[in-house]
Amino acid sequence: MSTNAKPYKETLNLPVTRFEMKANLTAREPKIQARWREEDLYGQIRQARSGCEAKVLHDGPPYANGEIHMGHLLNKVLKDIVVRSLTMQGYDSPYVPGWDCHGLPIEHKVVKDLGAKAATMSHAEIRALCQKDALKWVDLQRDQFRRLGVSGDWDNPYLTLDPRYEAGILDVLADLIEGGYVFRQLKPIHWCITDRTALAEAELEYKDESTPSIYVNFPMVSGVPAEWGDGPWHAMIWTTTPWTLPANVAIAAHPDLEYVGLRYVDPATGATVHTILAAALVAKVMGLRQVTQFEEVGRVRGRELEHAEYRHAFIDRVSPIVLAGYVTVEDGTGLVHTAPGHGTEDYQTGRTYQLPTLSPVDASGRYTTEAPEHLVGQGVFQANPKIVAMLKESGHLFHDVTFVHSYPHCWRCKKPVIFRATEQWFIGVDRNDLRGRTLKQIDAVRWLPAWGRARIDAMVGGRPDWCISRQRSWGVPIPALGCETCQTQLLTAETVRHFRDLFRREGADAWYTKPVDELLPAGAVCPKCGGTTFRKEGDILDVWFESGSSHRGVLSKDFNLGYPAFMYLEGSDQHRGWFQSSILTAVGSTGRAPFETVLTHGFVVDEKGEKMSKSVGNTISAVKATEQYGADVLRLYAASMDYADDVRMSERGIKEMSEAYRKIRNTFRYLLGNLEDYAGFDPNSVAPETLHAIDRWALGQFNSVIRDVRAAYEEFEFYRVYQRIYQFCSVELSSFYLDVLKDRLYAESPKGPDRRAAQFVLARLHDGLTRLLAPIIPHTAEELWELSPSGASRPASVHLAEFPQPDPAFDDEARDHVWQRLLAVRTEVLRELEKLRSAKVIGSAQEASVRLGSDDPEMSSLLEHNRDLLTTMAIVSEIEVGGSAPPDSARGQELPALWVHASRSSHAKCERCWNLRPEVGRSEAHPTLCARCERVISERNTNGA
RNA sequence: CGGCACGUAGCUCAACGGUUGAGAGCAUCCGGCUGAUAACCGGACGACGGCGGUUCAACUCCUCCCGUGCCGACCA
């Protein structure tokens with residue numbers, strides 16, 4: 001016999017597995033994904049679940065622009081976990097991803113890149129470039145989403161530029177027109193008078209501009225407190241855009257501000273003037289012209305001035321004083337000149353008070369005939385000084401200076417822009433009680449978290465009519481026909497459906513490429529004047545209307561996913577965005593919400609909880625992070641946090657998650673390492689009674705894990721899935737059960753009942769945990785599935801399988817109660833072993849011998865009945881129970897009734913299993929072995945192993 | 001400025017309004033093992049954003065403040 005080796009070591013069943021400790025996800029994941037594609041796993045899943053109850057998560061389309069970022073990652077991973085977990089619960093849960101392809105950002109970029117050339121190009125040509133750009137990003141983002149392991153019908157996504165989808169949009173529009181919701185109305189928009197075009201917010205460049213700043217007294221007609229005396233009274237307004245005064249139809253005051261009736265002597269004319277302005281601004285305003293003689297006549301709150309009337313300074317028109325919350329005393333007089341045709345807030349106030357929206361300015365910025373006669377035909381900026389002069393002449397002007405402030409300019413021609421009211425298309429939120437009916441539907445939807453309901457409720461409850469027209473190129477045209485005779489716009493359900501069918505056949509480009517005669521529906525006649533000559537109007541639809549119509553094109557029509565959807569899942573910003581545009585168009589066209597459940601998540605923020613932004617430099621690239629750490633690590637990271645609130649992500653966090661991933665991976669490596677020779681083994685051949693008590697306990701614990709995890713998935717609380725599984729792996733398994741099992745797995749006969757019993761548990765854990773983790777770490781789960789020792793009857797992919805079910809045979813509440821006590825005893829024992837270790841008396845627990853006892857009869861009995869079990873649980877060589885407590889024994893910290901005495905065992909160490917046993921040395925054949933090991937060795941020899 | 005949320009150890013999660021000690025896991029530090037080894041085991045350290053209030057009792061309810069996020073308003 002050779003002496004240089006450890007001959008007995010070779011007789012142990014040490015772990016062996018192909019499952020590598022090093023995950024190398026970066027290389028492994030793409031291979032797994034490639035195979036999924038080759039085998040059309042998504043198609044297989046569809047087939048396997050066909051006929052099952054459907055639960056469809058409808059994808060909100062991300063904007064096709066730029067690389068995906070952490071926000072996309074969070075959103076798509078959460079969706080994927082929902083879809084995969086629904087699938088594993090046995091539902092049919094198809095996932096059709098989509099992209100929002102139209103819209104300003106793409107058009108803006110394309111036009112900007114074209115430079116001056118853009119002006120020479122047709123709509124159709126520009127649209128072609130936009131389409132190319134959008135599709136480029138769709139391809140890129142698709143690859144990036146796929147790399148995250150998101151499962152779905154990536155070869156057939158829905159694109160808002162798809163003719164079928166465009167047809168769906170018009171289908172919804174036609175329904176809404178039929179329902180009487182759609183109308184035209186004036187609305188102020190940014191307008192460049194040089195380029196004669198509408199401008200979006202993104203096309204404005206703010207820079208300093210000198211404008212007149214004038215203080216004007218408008219004569220009051222009524223509503224001045226009688227005790228202030230005769231006056232005549234005025235209201236003093238301030239404006240930096242005198243040219244908008246012709247459109248003045250109100251003066252706004254703040255309801256809570258104090259206003260004074262002021263009598264002052266004009267230093268230039270010596271005249272006594274009575275005027276009203278904010279109390280807080282009297283000194284400042286009077287100081288502008290060094291007015292020294294002024295006195296307060298009386299005071300009122302703004303709200304008391306509501307409905308008081310004044311006469312326009314140079315137009316024969318009486319208008320009211322109104323209230324508005326945005327009035328401040330930072331500048332001006334606290335009384336705001338209000339021209340709904342020339343400002344957004346003024347417009348809103350105008351809606352509230354039903355004021356007319358005047359806009360006596362044409363596309364070139366010249367006054368129209370609606371303006372006072374002497375202004376007609378003049379450019380608005382040129383008119384500024386004339387109006388000032390006129391006010392001065394008539395004595396209405398109090399003061400006039402030049403004011404420099406930030407003012408919007410056209411991004412193209414760099415000239416100052418104006419606000420100009422133009423006819424726009426609207427959806428009337430209060431027509432046919434759309435608002436009320438939507439609120440009812442909101443109430444019937446399940447909002448997660450629950451506060452989402454109140455949030456969207458308030459938004460819908462308070463929102464104005466929805467302006468759905470835009471003066472752009474890159475979108476779906478509103479197929480309105482303008483009557484050349486009377487200028488009426490022809491847009492009916494019938495005409496829109498005509499164009500719906502056309503767009504479906506040829507795409508929306510047809511609107512731009514075909515002459516109007518070819519587009520015209522047969523027999524189109526102007527309903528007003530009977531005219532038959534039309535022109536194409538140029539507006540497109542708001543992109544929110546497009547994406548908000550996805551319930552038609554994607555759920556109801558071509559993708560046939562079923563209406564309504566089970567779930568919409570987006571960031572909480574979509575309460576105002578997609579959730580709202582979807583439910584409004586859906587209620588307007590179908591009468592009900594397009595979703596049953598709306599799940600929202602917070603935003604990805606940095607380590608400190610602050611938002612990620614490129615300028616701050618605290619962003620993390622989702623693409624790079626995936627390349628570096630692997631999709632499963634990032635998926636686990638996303639799943640580990642409570643997404644109801646904002647989600648903090650950092651480089652360090654990802655690193656920590658890699659460690660957690662490794663721990664899970666190592667747990668599986670241990671399981672598989674001890675299952676290598678279990679492959680093909682029939683678990684049914686394990687007689688249940690051969691399971692040890694600790695095995696039954698472990699499976700009972702696992703039952704509880706299965707129940708908790710299934711419940712967490714059903715409630716979409718994935719962080720609970722992660723926490724539960726991770727802590728089970730760490731606490732119950734790694735540091736206890738798996739540690740305890742080593743002796744049995746390594747040292748017992750390979751095929752003996754004791755080892756087989758342990759392997760049965762390990763196999764069950766492996767199978768169950770793999771399934772439970774599959775929605776979160778699909779790649780790793782698939783890798784584990786392939787190495788599974790389970791029989792041939794299981795599906796080829798874990799993603800075709802279902803979640804495990806708990807086995808009630810292993811539930812035993814009374815036992816779990818006893819085990820809690822036993823584990824507490826174990827903790828006390830371990831504490832004593834630690835003392836021996838610090839004192840260098842022992843190294844491993846196996847070198848220890850322990851005596852336990854208690855004065856408490858119940859505890860005493862517990863110890864006596866479970867002596868062997870406790871020995872196993874503590875992995876010590878020997879436990880003795882009873883007798884009197886030695887003087888140097890310790891009292892339990894958690895269990896004061898318990899005393900523990902630990903010492904170094906006096907027995908010799910078995911060379912094979914390292915336990916210290918009294919019988920070691922007694923055998924002649926194997927003097928260095930314990931009895932158990934000698935038995936195992938002889939069995940091996942008998943079996944010819 | 002307004003609406004809606006959130007704020008427990010360095011990190012991620014716990015804790016029916018109530019047992020003197022607010023639990024875990026990870027990270028960190030210390031130690032053990034060397035037959036899960038770029039592993040494994042044990043121990044220690046460590047927190048309720050702040051001031052008030054309600055209550056016999058508050059992490060848990062309320063006011064305010066501070067911080068953070070989303071949405072909106074704003075620049076006449």
Side-chain angles (χ1 to χ4, degrees), chain A residues 6 9 12-15 17 21-22 206 211 213 237-241 244 252 324-328 330-332 335-339 342-346 348 405-408 419 449 451-452 454-459 462-463 571-577 600 602-605 607-611 637 640-642 644-648 650 652-653 655-657 659-660 662-663 665-674 717 719-720 722-724 726-731 734-736 738-739 742 745-747 827 830-831 833-838 840 842-846 875 912-914:
Chain A
K6 297 175 181 169
K9 178 168 178 176
L12 291 169
N13 321 300
L14 293 178
T17 177
M21 183 181 307
K22 191 163 165 33
Y206 286 84
T211 60
S213 165
I237 60 100
W238 175 69
T239 182
T240 57
T241 52
T244 63
Y326 53 79
V327 176
T328 69
E330 274 173 38
D331 284 307
L335 290 173
V336 175
H337 151 55
T338 298
H342 295 305
T344 306
E345 284 193 324
D346 297 23
Q348 278 156 9
H405 62 147
S406 173
Y407 191 89
F419 257 113
W451 49 257
R455 186 169 152 98
I456 191 168
D457 200 83
M459 286 173 175
R463 69 158 299 151
S572 56
D573 55 334
Q574 300 303 334
H575 284 118
R576 181 160 296 275
T600 52
F603 276 65
V604 176
V605 294
E607 206 164 1
K608 296 177 205 147
E610 290 176 13
K611 73 166 149 196
Y637 193 30
S640 73
M641 293 179 286
D642 183 357
D645 196 5
D646 288 337
V647 165
R648 294 184 186 210
S650 62
R652 198 183 55 166
K655 281 195 183 114
E656 284 177 6
M657 193 46 64
E659 294 297 315
R662 281 227 315 241
K663 177 76 182 185
R665 199 174 168 91
N666 258 310
T667 303
F668 277 106
R669 187 172 143 85
Y670 179 92
L671 298 179
L672 287 171
N674 292 101
E717 292 177 353
Y719 62 95
R720 276 175 50 209
Y722 163 78
Q723 294 275 344
R724 191 70 177 87
Y726 188 58
Q727 298 206 13
F728 180 66
C729 285
S730 284
V731 182
S734 184
S735 64
F736 177 54
L738 300 185
D739 208 24
K742 284 175 186 169
L745 288 167
Y746 298 173
T827 301
L830 260 37
R831 205 191 314 275
L833 296 184
E834 190 58 27
K835 286 184 194 163
L836 293 187
R837 230 174 245 129
S838 312
K840 306 288 177 195
I842 61 166
S844 77
Q846 285 169 305
I875 322 183
R912 184 165 175 274
C913 72
W914 295 349

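The basis for the numbers below is simple: all heavy atoms, side chains too, and nothing from hydrogens, waters or symmetry mates. Here is the naming used below: chain letters follow the sequence lines, and residue numbers restart at 1 for every chain.
Of all heavy-atom pairs between A:T600 and A:G571, the closest is CG2-O, 4.2 Å. Scanning both residues, A:L672 and A:T17, for their nearest heavy atoms gives CB-OG1, 3.6 Å. Between A:H575 and A:R455, the shortest heavy-atom contact is ND1-NE, 3.0 Å. For the residue pair A:S640 and A:Y722, the shortest heavy atom distance occurs at CB-CD2, 3.5 Å. Between A:S406 and A:Y206 the shortest heavy-atom distance is OG-CB, 3.5 Å. Heavy atoms only, all atoms of each residue included: A:L833 and A:I842 are closest at O-CD1, 3.8 Å.
Residue whose closest nucleotide on RNA chain B sits further toward the 5' end, between A:Q846 and A:R576: A:Q846. Residues A:D573 and A:Y637 both approach RNA chain B. Their nearest nucleotides, taken by heavy-atom distance, put A:Y637 toward the 5′ side.
Nucleotides B:rG7 and B:rU12 have their C1' atoms positioned 15 Å apart, rounded to a whole Å. B:rC41 sits 11 Å from B:rG25 when the P atoms are compared, rounded to a whole Å. With both ends at atom C1', the span from B:rA47 to B:rA27 equals 15 Å, rounded to whole Å. When the P atom is used for both B:rC51 and B:rG17, the distance is 24 Å, rounded to whole Å. With both ends at atom P, the span from B:rG10 to B:rC71 equals 30 Å, rounded to whole Å. Taking atom C1' on both B:rC70 and B:rU55, the two are 35 Å apart, rounded to the nearest angstrom. Nucleotides B:rG42 and B:rG52 have their P atoms positioned 43 Å apart, rounded to a whole Å. With P as the reference atom, B:rA39 and B:rA5 are 45 Å apart, rounded to whole Å.
Considering only side-chain N and O atoms, A:Y722 lies nowhere under 4.0 angstrom from the phosphate OP1 or OP2 of B:rG25. Regarding contacts with the backbone of B:rC40, a side-chain N or O of A:K663 is found under 4.0 angstrom from either OP1 or OP2. The side chain of A:K742 contributes no N or O atom lying less than 4.0 Å from OP1 or OP2 of B:rG35. Using a 4.0 Å cut-off, some side-chain N or O of A:K9 falls inside it from OP1 or OP2 of B:rG35. In terms of phosphate contacts, A:Y719 brings a side-chain nitrogen or oxygen within less than 4.0 Å of OP1 or OP2 of B:rA14. Using a 4.0 Å cut-off, some side-chain N or O of A:H405 falls inside it from OP1 or OP2 of B:rA76.
B:rA73 has no base stacking with the ring of A:Y326 when judged by centroids under 5.5 angstrom apart and an interplanar angle below 30°.
The closest side-chain heavy-atom distance from A:V731 to A:F736 is not below 4.5 Å.
Within 4.0 Å (heavy atoms only), A:T239 reaches sugar-phosphate atoms of the nucleic acid but no base atom. Contacts of A:S734 with the nucleic acid, taken as non-hydrogen atoms under 4.0 Å apart, include base atoms. Within the 4.0 angstrom heavy-atom criterion, no nucleotide atom of any strand lies near A:R720. Here A:D642 lies in heavy-atom contact (under 4.0 Å) with sugar-phosphate atoms only. Residue A:R463 is out of contact with every strand shown, counting any heavy-atom pair closer than 4.0 Å. Across all strands, A:K840 comes closer than 4.0 Å only to sugar-phosphate atoms, never to a base (heavy-atom distances). At a threshold of 4.0 angstrom between heavy atoms, the contacts of A:Q727 include nucleobase atoms, whether or not backbone atoms are also involved. In this structure, A:S406 reaches neither bases nor backbone, as no heavy-atom distance under 4.0 Å exists between it and the strands shown. If you check every strand for non-hydrogen atoms under 4.0 Å, A:G609 touches sugar and phosphate atoms only. Looking at heavy-atom distances under 4.0 Å, A:G843 makes contact with sugar-phosphate atoms alone, never a base. As judged by a 4.0 angstrom heavy-atom cut-off over every strand, A:T17 is placed among residues making no nucleic acid contact.
Of all nucleotides listed (B:rC6, B:rU37, B:rU12), B:rU12 comes nearest to the side chain of A:M641. Each of B:rG25, B:rA36, B:rC41 was ranked by its minimum atom distance to the side chain of A:S730; first place goes to B:rG25. In the set B:rA76, B:rG35, B:rG69, B:rG35 carries the atom at the smallest distance from any side-chain atom of A:Y746. Closest to the side chain of A:E656, out of B:rU12, B:rC11, B:rA76, is B:rC11. Each of B:rG10, B:rC6, B:rA39 was ranked by its minimum atom distance to the side chain of A:D645; first place goes to B:rC6. Listed nucleotides: B:rA36, B:rG69, B:rU12. Nearest to the side chain of A:Y670: B:rA36.
Under the ring-ring contact (aromatic ring centres under 6.0 Å, His included) criterion, A:Y670 pairs with no residue at all, not counting sequence neighbours. Taking the salt bridge (charged side-chain N to carboxylate O under 4.0 Å, His left out) definition, one finds that A:E610 meets it with nothing, sequence neighbours left out. Partners of A:E834 under the salt bridge (charged side-chain N to carboxylate O under 4.0 Å, His left out) rule, at least two apart in sequence or in another chain, are A:R837.
Taking atom CZ on A:R648 and atom P on B:rC6, their separation rounds to 15 Å, with Å as the unit. Rounded to a whole Å, the CG atom of A:L738 is 15 Å from the C1' atom of B:rG35. As rounded to whole Å, 21 Å separates atom P of B:rA38 from atom NZ of A:K655. Per the geometry, CD1 belonging to A:I456 stands 14 Å off P belonging to B:rA5, to the nearest Å. B:rG32 atom P lies 17 Å from atom CH2 of A:W914, rounded to whole Å. One can place CD1 of A:I842 at 17 Å from P of B:rG31, the figure rounded to the nearest angstrom. Across the protein-nucleic acid pair, A:N13 atom CG and B:rA36 atom P stand 13 Å apart, rounded to whole Å.
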Yes or no on side-chain contact (heavy atoms from CB on, under 4.5 Å) for A:L14 and A:K9, after CA distance, side-chain angles and deciding distance? CA-CA 9 Å; A:L14 293 178; A:K9 178 168 178 176; 3.8 Å; yes
For A:T244 and A:H337, what are the C-alpha separation, side-chain angles and deciding distance, and is it a side-chain hydrogen bond (donor to acceptor under 3.5 Å, both in side chains)? CA-CA 9 Å; A:T244 63; A:H337 151 55; 2.7 Å; yes
Distances under 3.5 Å only, N/O to N/O: pair up the protein atoms with those of nucleotides 2-4 of chain B.
{"residue": "B:rG3", "atom": "N2", "partner": "A:R455", "partner atom": "NH1", "Å": "3.1"}

Show the distances under 3.5 angstrom between N or O atoms of the protein and N or O atoms of nucleotides 42-50 of chain B.
{"residue": "B:rG42", "atom": "O2'", "partner": "A:E834", "partner atom": "OE1", "Å": "2.8"}

Dot-bracket encoding of pairs in RNA chain B, which uses [ ] for pseudoknotted crossings and | for another strand, Watson-Crick or G-U under 3.5 angstrom: (((((((..((((....[....)))).(((((.......)))))....((.((..]....)).)))))))))....
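At a cut-off of 3.5 angstrom, counting only N and O atoms as typed in the model, there is no donor on one side facing an acceptor on the other between the side-chain of A:E610 and the base of B:rU68.
Using a 4.0 Å cut-off between charged nitrogen and carboxylate oxygen, A:R576 and A:D573 do not count as a salt-bridge pair.
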